[in-house]
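Let me begin by presenting the structure, written as structure tokens, before commenting on it.
Owing to the predicted nature of the structure, the values given are computational and were not obtained by experimental measurement.
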Amino acid sequence: MNAQPLNDPDAPRGCPVAHGSAELTRLFGPEASTDPYGIYERLRKEHGSVAPVLLEGDVPAWLVLGYRDNRRVLDNPRQFSRDARIWRDWREGRVSETSPLIPMVGWRPDCVSQDGEPHRRLRGAVTDGLLAASSRGVRRHATYFANKQIDAFVDAGRADLVADYAEHLPMLVLTRILGLPTADGLRLVESCAQVFKGGEGALEHNERIMQILSELAERKRAEPGSDFATALLEHPAGLDHDEVVSHLRLVLIAAHTTTSNLLARVLQLVLTDAARLSGLVSGQLNISSVVEEVMWDTPPLAVLPGRFAAADLELGGHHIQEGELLILGLAAGNLDPEVRPDAAVAVQGNQSHLAFSSGPHECPGQNIGQSIIEIGVDVLLHRLPGLRLAVPSEELSSTASTWESRLDSLPVEFVV
């Protein structure tokens, strides 16, 4: 299929490869790391609601930018499968097992890699396990670890709320939920970040995660406890060892990375707006409304991997061929001018954002993440009188990978 001129509105638009790699935008590298939202808007103007892009290794994919197109893909697993074994570039040998995309896009024996009955079987085990875990004191664990993290820097009168707080609090809570030793959880913070970042270290860090979680599963098989690992091992669905470990990995990476990112963004919004800060401290503003705003404007996962066309089809005016990879632009979809013509208009009370995905694969642990964030913000504001930014807000910076944009640091000062 030949590439068509972008200025020809009647030209059929086909597979990403047809455009030629020289014409395609890379969702990795220097520009993507500093201005992902600018890239999304440029692609929307050039290609519409779906755009051909390149991922690491110059692997082609379709980036879904439109809100309605994202919902169509997420809500229709028969057309858009989660099973990477049908990925054409993988089947035909253009993506190697050592690609940094594999930890994010490749097939695994977990519920997010399956459709239909296999998905329902595994998803049921995860949902039941998370429900049991959430009933065993997530908010109590979050309160304990929030205070413990603050104790480590409170006497200094200053801190970086990314490195000293947001990066660690969710993982510490997750160690209690999963049944991990705290020391293992702290080791896994860097590995989770590297898997999302991609690059040469992604596979090595993914292997470290799998090794630690495999050892956890073996311990819990011998010594069961009141934790998520034990719940998976004992579930009537009969998960085997690989399925248990893969789901421990799924919950660990997804819950930690997204919750830490969202917590940092919520704190950024609160500390750069005096009205929100005073409203939260006085109790006039509910933290859930601030979280909701962040999930619309800067969702913790900007791009969701991935779906695969189950047959030749049309999406957003493009011809998508069977087996081609689609990645979901959650951040771009939330800012789609067709559903939000004025992004400055308040979205309070509107929970139809894409931050938790949608359809059969919608995030099953979102309530746990929101509880950690609500407690984390509440404890912080009430432990640190006079909390304020230590730098002008315009000096705050972010670094993006293909999948997320993370706040680099959040320096603050407070009264000792």
Side-chain angles (χ1 to χ4, degrees), residues 36-37 40-41 64-71 73-75 112 130 134 138-139 142 161-162 165-167 169-170 173 196 251 253-273 275-277 279-280 285-305 327-359 361-378 380 396 398 400-401 403-407 410:
Y37 282 78
Y40 305 152
E41 289 313 301
V64 185
L65 299 160
Y67 180 90
R68 293 184 179 88
D69 292 295
N70 268 289
R71 289 298 300 264
V73 174
L74 291 166
D75 294 344
V112 298
L130 289 176
S134 64
V138 169
R139 300 181 77 87
L161 293 183
V162 172
Y165 196 65
E167 287 292 341
L169 178 58
V173 178
F196 269 84
V251 170
I253 293 179
H256 166 69
T257 307
T258 57
T259 306
S260 63
N261 194 355
L262 187 56
L263 176 56
R265 292 296 185 185
V266 169
L267 290 171
Q268 177 188 14
L269 183 58
V270 169
L271 291 169
T272 53
D273 187 304
R276 286 190 181 89
L277 179 59
L280 288 174
L285 181 63
N286 192 313
I287 183 60
S288 62
S289 64
V290 180
V291 175
E292 197 170 80
E293 186 175 352
V294 173
M295 287 191 290
W296 271 104
D297 294 338
T298 52
L301 204 59
V303 176
L304 177 70
I327 55 176
L328 291 307
L330 307 184
N334 278 350
L335 294 172
D336 184 349
E338 288 194 8
V339 296
R340 287 183 73 190
D342 185 354
V345 173
V347 290
Q348 188 170 353
N350 186 340
Q351 298 181 356
S352 57
H353 56 77
L354 298 169
F356 291 131
S357 181
S358 179
H361 293 282
E362 182 175 352
C363 174
Q366 53 192 269
N367 292 335
I368 293 176
Q370 287 184 277
S371 293
I372 294 171
I373 290 167
E374 290 173 6
I375 292 296
V377 174
D378 185 65
L380 190 76
L396 298 177
S398 301
S401 68
W403 315 109
E404 60 174 359
S405 177
R406 299 187 75 86
L407 189 63
L410 190 61

Is there a donor-acceptor pair under 3.5 Å between the side chain of Asp75 and the backbone N or O of Gly359? yes

Atom CD in Glu338, atom CG in Leu65: separation rounded to 0.5 Å? 11.5 Å

Expected output: side-chain Tyr165 to main-chain Leu263 donor-acceptor under 3.5 Å: no

Pairing residues for Asp336 by the salt bridge (charged side-chain N to carboxylate O under 4.0 Å, His left out) criterion, not counting sequence neighbours: Arg44

List the atom of Leu304, the atom of Leu301, and the distance in Å for their closest heavy-atom pair. CD1-CD2, 3.5 Å

Using the side chain to side chain donor-acceptor pair (under 3.5 Å) rule, take Arg406 and Ser260 through it: C-alpha gap first, then chi angles, then the decisive distance, then the call. CA-CA 9 Å; Arg406 299 187 75 86; Ser260 63; 2.6 Å; yes

Here the gap from Ser289 atom OG to Leu280 atom CG, rounded to the nearest 0.5 Å, amounts to 7.0 Å

Min side-chain heavy-atom separation Leu407-Thr298 under 4.5 Å: no

Mind running side chain to side chain contact (heavy atoms under 4.5 Å, CB included) on Tyr40 and Leu335 for me, showing each step along the way? CA-CA 10 Å; Tyr40 305 152; Leu335 294 172; over 6 Å; no

Going through the distances and angles, do Arg68 and Val339 end up as a side chain to side chain contact (heavy atoms under 4.5 Å, CB included)? CA-CA 9 Å; Arg68 293 184 179 88; Val339 296; 3.9 Å; yes

Does a side-chain heavy-atom distance below 4.5 Å link Leu354 with Arg71? yes

Are any of the side-chain heavy atoms of Ile372 and Ile368 separated by less than 4.5 Å? yes

Euclidean distance, Glu404 CD relative to Phe196 CZ, rounded to 0.5 Å: 5.5 Å

Measuring only between side-chain heavy atoms, which start at C-beta, is Tyr37 closer than 4.5 Å to Asp297? no

Are the side chains of Pro300 and Trp403 in touch, meaning some heavy atoms are under 4.5 Å apart? no

Checking side-chain contact (heavy atoms from CB on, under 4.5 Å) between Val347 and each of Met295, Glu292, Arg340, which is the one that passes? Arg340

To the nearest 0.5 Å, atom CD of Glu167 lies from atom OG1 of Thr259 at 11.5 Å

Ala142 versus Val173, closest heavy-atom pair with distance: CA-CG2, 3.7 Å

Check: Ile373 and Gln370 side chains under 4.5 Å, non-hydrogen atoms: no

Report the distance from atom CG of Asn261 to atom OG1 of Thr258, rounding to the nearest 0.5 Å. 8.0 Å

Would you call Ser405 and Arg265 a side-chain contact if the rule is heavy atoms closer than 4.5 Å? yes

Pairwise side-chain contact, Leu271 with Leu161, heavy-atom cut-off 4.5 Å (strictly under): yes

Using a 6.0 Å cut-off, check whether atom CD of Glu362 has over 12 heavy atoms from anything other than its own residue. yes

Checking Asn70 side chain against Leu328 main chain: does a donor-acceptor pair fall under 3.5 Å? no

Nearest-0.5 Å distance that lies between atom CG in Leu330 and atom OH in Tyr67: 11.0 Å

